[in-house]
Amino acid sequence: MKKYRKKYIILSIFLITLNLLGIYTRKCFVLNISSSIPIGIYKVDKSIDFKKGDIITFSINNYPNILDYPGNIKNITFSKYIAGISGDYIRIENNKIYINDKEKGNIFKVDGLDNKLPQLKEKEYMVKEDEIFVLGTNDKSFDSRYYGCIKKSDVIYKLVPLIIWEDV
């Protein structure tokens, strides 16, 4: 009987340790399998000095036009590149998005499943001090070209690439 008890104690300690490691690594590392940013493993960076090109993860709970889009549920996050910061000029013309007069991608009316995509009402916009304009790497990414700027206060963390799989 004591022999089995010792094995259960060792197994229990092992499982608790494994669970604690999993909780810790989820706070420090992120595995991305979405096509909005490159597929890979990212390190979590809690700094708040945002610049163009940074990858950020943000909460969508404060954006009704995102939550209303088919398939989205509450309490999930998006990860996207920062494409526009305070003072940048956003313009929509001929179903294309421009940032500071440089074309950054197409704007579609429907997604790949034929769901109607939200459209921005303002066709010209200056990014405010407390906002960020985000884009995914995929031209069909559901990003700021459909729901507009996000508030800096909704950013949870930045992601720093550690391992990227280019050909996946």
_My understanding is that a hydrophobic cluster links ILVMFWY residues whose side chain heavy atoms are under 4.5 Å apart, including indirect links. Using that, what else belongs to the cluster containing Tyr89?_
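Taking Ile, Leu, Val, Met, Phe, Trp and Tyr as members, Tyr89 shares its hydrophobic cluster with Met126.
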*Co-members of Leu113 in a cluster of I, L, V, M, F, W and Y side chains, linked at under 4.5 Å*: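 Reading the cluster by chain and number, Leu113 sits alone, since nothing else belongs.
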*Classify the ring geometry between Phe142 and Tyr147 as parallel (under 30°), tilted (30 to 60°) or perpendicular (over 60°).*
perpendicular
Suppose we screen for side-chain contact (heavy atoms from CB on, under 4.5 Å). Which residues come up paired with [X], at least two apart in sequence or across chains?
{"X": "Thr137", "answer": "Pro38, Tyr81"}
{"X": "Lys151", "answer": "Tyr63, Asp130, Glu131, Ser153, Asp154"}
{"X": "Ile33", "answer": "Leu31"}
{"X": "Lys152", "answer": "Phe50, Glu129, Ile132"}

_Non-neighbouring partners of Asp101 that pass side chain to side chain donor-acceptor pair (under 3.5 Å), sequence neighbours left out_ = Arg91
_According to side chain to side chain donor-acceptor pair (under 3.5 Å), who are the partners of Asn138, at least two apart in sequence or on a separate chain?_
Ser35
Who are the salt bridge (Lys or Arg N to Asp or Glu O under 4.0 Å) partners of [X], not counting sequence neighbours?
{"X": "Asp49", "value": "Lys158"}
{"X": "Asp139", "value": "Arg145"}
{"X": "Lys116", "value": "none"}
{"X": "Lys43", "value": "none"}

*Can you tell if the side chain of Val155 reaches within under 4.5 Å of the side chain of Ile48, non-hydrogen atoms only?*
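No, too far: nothing below the 4.5 Å cut-off.
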*For Leu159 and Ile37, what are the C-alpha separation, side-chain angles and deciding distance, and is it a side-chain contact (heavy atoms from CB on, under 4.5 Å)?*
CA-CA 10 Å; Leu159 295 176; Ile37 61 173; 4.1 Å; yes
*Will you find, in the side chains of Ser141 and Lys80, an N or O donor that is under 3.5 Å from an N or O acceptor?*
yes
*Verdict with supporting geometry, Ser79 and Thr57, side chain to side chain donor-acceptor pair (under 3.5 Å)*: CA-CA 4 Å; Ser79 296; Thr57 297; 2.7 Å; yes
_Evaluate Ile107 against Gln119 for side-chain contact (heavy atoms from CB on, under 4.5 Å), listing each step before the verdict._
CA-CA 9 Å; Ile107 297 177; Gln119 301 295 306; 3.5 Å; yes
*Less than 6.0 Å separating the ring centroids of Phe58 and Tyr157?*
no
*Could you walk me through whether Val110 and Leu117 pass side-chain contact (heavy atoms from CB on, under 4.5 Å), step by step?*
CA-CA 5 Å; Val110 295; Leu117 288 163; 5.6 Å; no
*Could you give the distance from CD1 (Ile150) to CG (Asp143), rounded to the nearest 0.5 Å?*
11.0 Å
_Nearest 0.5 angstrom please: Ile82 CD1 to Ile85 CD1, how far?_
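Output value for this atom pair is 8.0 Å.
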Counting only heavy atoms from other residues, nucleotides and ligands, does the tally under 6.0 Å from [atom1] of [X] exceed 12?
{"X": "Lys123", "atom1": "NZ", "answer": "yes"}
{"X": "Asn115", "atom1": "CG", "answer": "yes"}
{"X": "Ile156", "atom1": "CD1", "answer": "yes"}
{"X": "Lys52", "atom1": "NZ", "answer": "yes"}

*Would you check if the side chain of Ser144 reaches a backbone N or O of Phe133 as a donor-acceptor pair within less than 3.5 Å?*
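No.
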*Please assess Cys28 against Val44 for the test side-chain contact (heavy atoms from CB on, under 4.5 Å), listing each intermediate value before the final yes or no.*
CA-CA 5 Å; Cys28 297; Val44 170; 5.5 Å; no
